[in-house]
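Reviewing the structure listed below.
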2 protein chains.
Amino acid sequence: MIRRLSQPRERGIPEATVARLPLYLRALNGMSERGLATVSSEDLAHAAGVNSAKLRKDLSHLGSYGTRGVGYDVEYLIYQISRELGLTQDWAVAIVGVGNLGRALANYGGFVSRGFRIAALLDADPDVVGDHIAGLNVEHIDELETVIRQRGVSIVVLATPATAAQQVADRVVAAGVTSILNFAPVVLSVPEGVDIRKVDLSIELQILAFHEQRKMDRMTGGAAMAEEWPEAVDL
Amino acid sequence: MIRRLSQPRERGIPEATVARLPLYLRALNGMSERGLATVSSEDLAHAAGVNSAKLRKDLSHLGSYGTRGVGYDVEYLIYQISRELGLTQDWAVAIVGVGNLGRALANYGGFVSRGFRIAALLDADPDVVGDHIAGLNVEHIDELETVIRQRGVSIVVLATPATAAQQVADRVVAAGVTSILNFAPVVLSVPEGVDIRKVDLSIELQILAFHEQRKMDRMTGGAAMAEEWPEAVDL
DNA sequence: TAGATTGTTAATCGATTAACAATC
DNA sequence: TAGATTGTTAATCGATTAACAATC
């Protein structure tokens with residue numbers, strides 16, 4: 001049975017919809033804090049930065065949780081989206097690699113928010129092991145498998161150097177983890193059934209540069225840049 | 001004239017293709033370092049983690065840079081993709097917000113890679129201003145407009161707290177910046193023509209949790225979770 | 001020439017959007 | 001009832017993929 005890595009449906013929620021549910025949830029939480037009881041698709045869509053047709057289509061995949069002529073009950077919708085995303089249970093997260101980025105992630109408020117709990121910080125550097133960061137003791141990478149099993153870690157965040165990422169990925173997968181958030185700038189190779197999401201800062205910058213360049217081309221009257229391989233460049 | 005924010009084509013390169021070009025570039029750089037002269041679409045696609053049909057389709061949007069029966073010249077393709085992405089010029093980047101994340105970004109090697117140069121680090125906290133990070137002096141946020149104009153900053157990275165992000169975005173847009181990489185967990189509102197890319201750690205985690213939950217449902221025989229709003233919950 | 005591999009075609013699939021009937 | 005707003009339909013658009021003719 002061949003299945004592609006990121007399997008879209010199960011109870012049939014499109015991947016594009018799943019990726020937007022967290023946005024709706026965040027907007028709804030803000031409304032909840034401000035004491036709003038109900039919200040229309042128009043207002044919620046605006047707060048989340050999408051158009052209202054898309055929002056209604058997305059929510060329709062979860063069920064019929066709105067009321068025609070009225071809108072959506074804020075608290076009820078928060079609950080339904082949270083449940084759909086699996087945030088009504090508690091996920092133990094391990095962060096591997098406690099350099100600048102790992103520290104930033106450990107201290108990032110959004111991480112410890114609803115549904116997630118940092119269960120371990122691990123690093124290979126003896127100088128870092130033993131440090132206290134965000135209320136946690138940094139443990140040695142040798143403890144990786146033990147920590148994963150004993151603390152029920154189901155999501156691992158890779159904030160290691162690029163050179164170490166594949167090796168750590170192999171180990172966490174062998175230990176049974178099937179969800180990895182990868183900050184290392186490498187393409188990880190993992191078995192089918194393991195979900196990887198990748199956050200890549202330099203890729204985001206490069207995409208911005210592409211669009212920025214187009215804007216500048218436009219402003220300078222689309223000055224035709226040399227299309228040819230410059231003669232001077234040494235191959 | 002109404003145009004959507006992220007305008008896909010100009011010389012007609014699909015947005016999905018643009019987002020993959022950095023992956024190809026990274027794989028090609030690795031091959032260049034290992035001394036490979038040419039590469040087939042099959043091998044390059046494998047290294048980048050996509051299928052070869054998609055790779056060839058993507059590259060065909062840039063031009064005909066391959067040789068049938070042979071493959072692609074590694075150095076030549078690096079040059080063509082770099083040029084397309086605008087990496088043959090130098091982009092001055094300012095990082096606003098020098099907390100844990102801002103420090104991590106400033107020290108992140110990929111940032112200072114080909115095409116990008118950190119031109120300024122800015123923060124509002126007087127205790128942070130004056131710190132030396134990654135060889136740069138942290139400057140006060142009051143200098144934002146001056147720094148942007150004098151140093152030709154064209155890309156701003158927002159690593160501020162969520163509460164400050166919109167205000168800073170307004171200021172950098174007013175100063176003429178049209179490309180923003182936003183790490184703050186808020187939906188920024190910006191005028192048409194300003195490109196925003198968003199990196200959101202908690203959203204990535206939530207998407208992973210969704211898939212993880214599905215896998216667990218499957219393993220436990222799809223144990224039907226309560227679909228209904230629990231009676232006990234207090235609205 | 002024979003073998004290899006690109007660039008393109010065309011079919012398919014998934015996502016977006018406007019419009020509106022259903023219904024509160 | 002009249003007004004408001006959802007949930008769904010259907011059209012459109014863009015992305016993916018396999019297959020293969022072109023051609024080195």
Side-chain angles (χ1 to χ4, degrees), chain A residues 2-21 23-24 27-28 31 36-74 76-77 80-81 84 207, chain B residues 2-21 23-24 27-28 31 36-74 76-77 80-81 84 207:
Chain A
I2 293 178
R3 290 206 300 195
R4 261 174 294 109
L5 266 188
S6 69
Q7 200 59 7
R9 43 205 54 211
E10 180 64 34
R11 207 156 76 232
I13 300 188
E15 197 54 39
T17 295
V18 172
R20 282 187 297 263
L21 291 179
L23 291 175
Y24 304 152
L28 285 163
M31 289 165 176
L36 280 172
T38 62
V39 65
S40 68
S41 63
E42 192 64 50
D43 289 351
L44 179 52
H46 181 80
V50 303
N51 81 38
S52 67
K54 189 186 282 181
L55 171 82
R56 289 196 301 277
K57 185 79 163 144
D58 283 341
L59 293 185
S60 76
H61 288 111
L62 310 192
S64 289
Y65 296 141
T67 306
R68 287 166 143 100
V70 177
Y72 300 89
D73 182 292
V74 171
Y76 184 51
L77 196 53
Q80 291 297 348
I81 294 178
E84 196 65 53
I207 296 171
Chain B
I2 292 177
R3 291 207 300 198
R4 264 178 290 110
L5 267 187
S6 69
Q7 201 57 6
R9 41 206 56 210
E10 179 64 34
R11 207 157 74 231
I13 300 188
E15 197 54 40
T17 295
V18 171
R20 281 187 296 265
L21 291 179
L23 291 175
Y24 305 151
L28 285 163
M31 289 165 176
L36 281 170
T38 62
V39 65
S40 68
S41 62
E42 192 64 51
D43 290 351
L44 179 53
H46 181 80
V50 304
N51 82 38
S52 67
K54 190 186 282 181
L55 171 81
R56 290 197 299 278
K57 186 78 163 146
D58 282 342
L59 293 185
S60 76
H61 288 110
L62 310 193
S64 289
Y65 297 141
T67 306
R68 289 165 142 102
V70 177
Y72 301 88
D73 182 291
V74 171
Y76 184 51
L77 196 51
Q80 290 298 347
I81 294 178
E84 196 65 54
I207 295 171

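A note on names: the letters A, B, ... follow the listed sequences, proteins ahead of strands, and every chain is numbered from 1.
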I need the residues from residues 45-57 of chain B with at least one non-hydrogen atom less than 4.0 Å from DNA chain D; give them sorted by number, or say none. Asn51(B), Ala53(B), Lys54(B), Arg56(B), Lys57(B)

Could you tell me the separation between the CG atom of Leu36(A) and the CG atom of Asp73(A), rounded to the nearest 0.5 Å? 11.0 Å

Tell me: [atom1] of [X] to [atom2] of [N], nearest whole Å?
X: Glu42(B); N: dG3(C); atom1: CD; atom2: C1'; value: 16 Å
X: Leu77(A); N: dT6(D); atom1: CG; atom2: P; value: 11 Å
X: Leu21(B); N: dA15(D); atom1: CG; atom2: P; value: 13 Å
X: Leu62(A); N: dT8(D); atom1: CG; atom2: P; value: 12 Å
X: Tyr76(A); N: dT6(D); atom1: OH; atom2: P; value: 15 Å
X: Leu44(B); N: dA4(C); atom1: CG; atom2: P; value: 20 Å
X: His61(B); N: dG7(C); atom1: NE2; atom2: P; value: 13 Å
X: Asp73(B); N: dT6(C); atom1: CG; atom2: P; value: 13 Å

Closest-nucleotide 5' rank along DNA chain C - winner of Thr67(B) and Gly69(A): Thr67(B)

Can you find a pair of side-chain heavy atoms, one from [X] and one from [Y], that are under 4.5 Å apart?
X: Tyr72(A); Y: Leu28(A); result: no
X: Glu15(B); Y: Ile207(A); result: yes
X: Ile81(A); Y: Tyr65(A); result: no

Closest non-hydrogen atoms of His61(B) and Gly12(B), given as atom of the first, atom of the second and distance, are CD2-O, 4.0 Å

Could you report the tightest heavy-atom contact between Thr38(B) and Val70(B), atom names first, then the distance? CG2-CG1, 4.5 Å

As a quick check of understanding, evaluate side-chain contact (heavy atoms from CB on, under 4.5 Å) for Leu62(B) and Leu21(B), giving each step before the final call. CA-CA 10 Å; Leu62(B) 310 193; Leu21(B) 291 179; 4.1 Å; yes

Just N and O in the side chain of Tyr72(B): are any of them under 4.0 Å from OP1 or OP2 of dG7(C)? yes

Return no unless some side-chain N or O of Ser41(B) is found under 4.0 Å from OP1 or OP2 of dT5(C). no

Please list all pairs meeting salt bridge (charged side-chain N to carboxylate O under 4.0 Å, His left out) that have one or both residues in residues 39-54 of chain B, counting only residues at least two apart or in different chains. none

When the axes are fitted on five pairs at both termini, how much does the helix from dG3(C)-dC24(D) to dC24(C)-dG3(D) curve, in 10° steps? 10°

Side chain of Arg68(B) only, heavy atoms from C-beta on: which candidate in dG7(C), dA15(C), dA22(C) is closest? dG7(C)

Could you go through the side-chain contact (heavy atoms from CB on, under 4.5 Å) check for Leu77(A) and Leu44(A) one step at a time? CA-CA 11 Å; Leu77(A) 196 53; Leu44(A) 179 52; 3.9 Å; yes

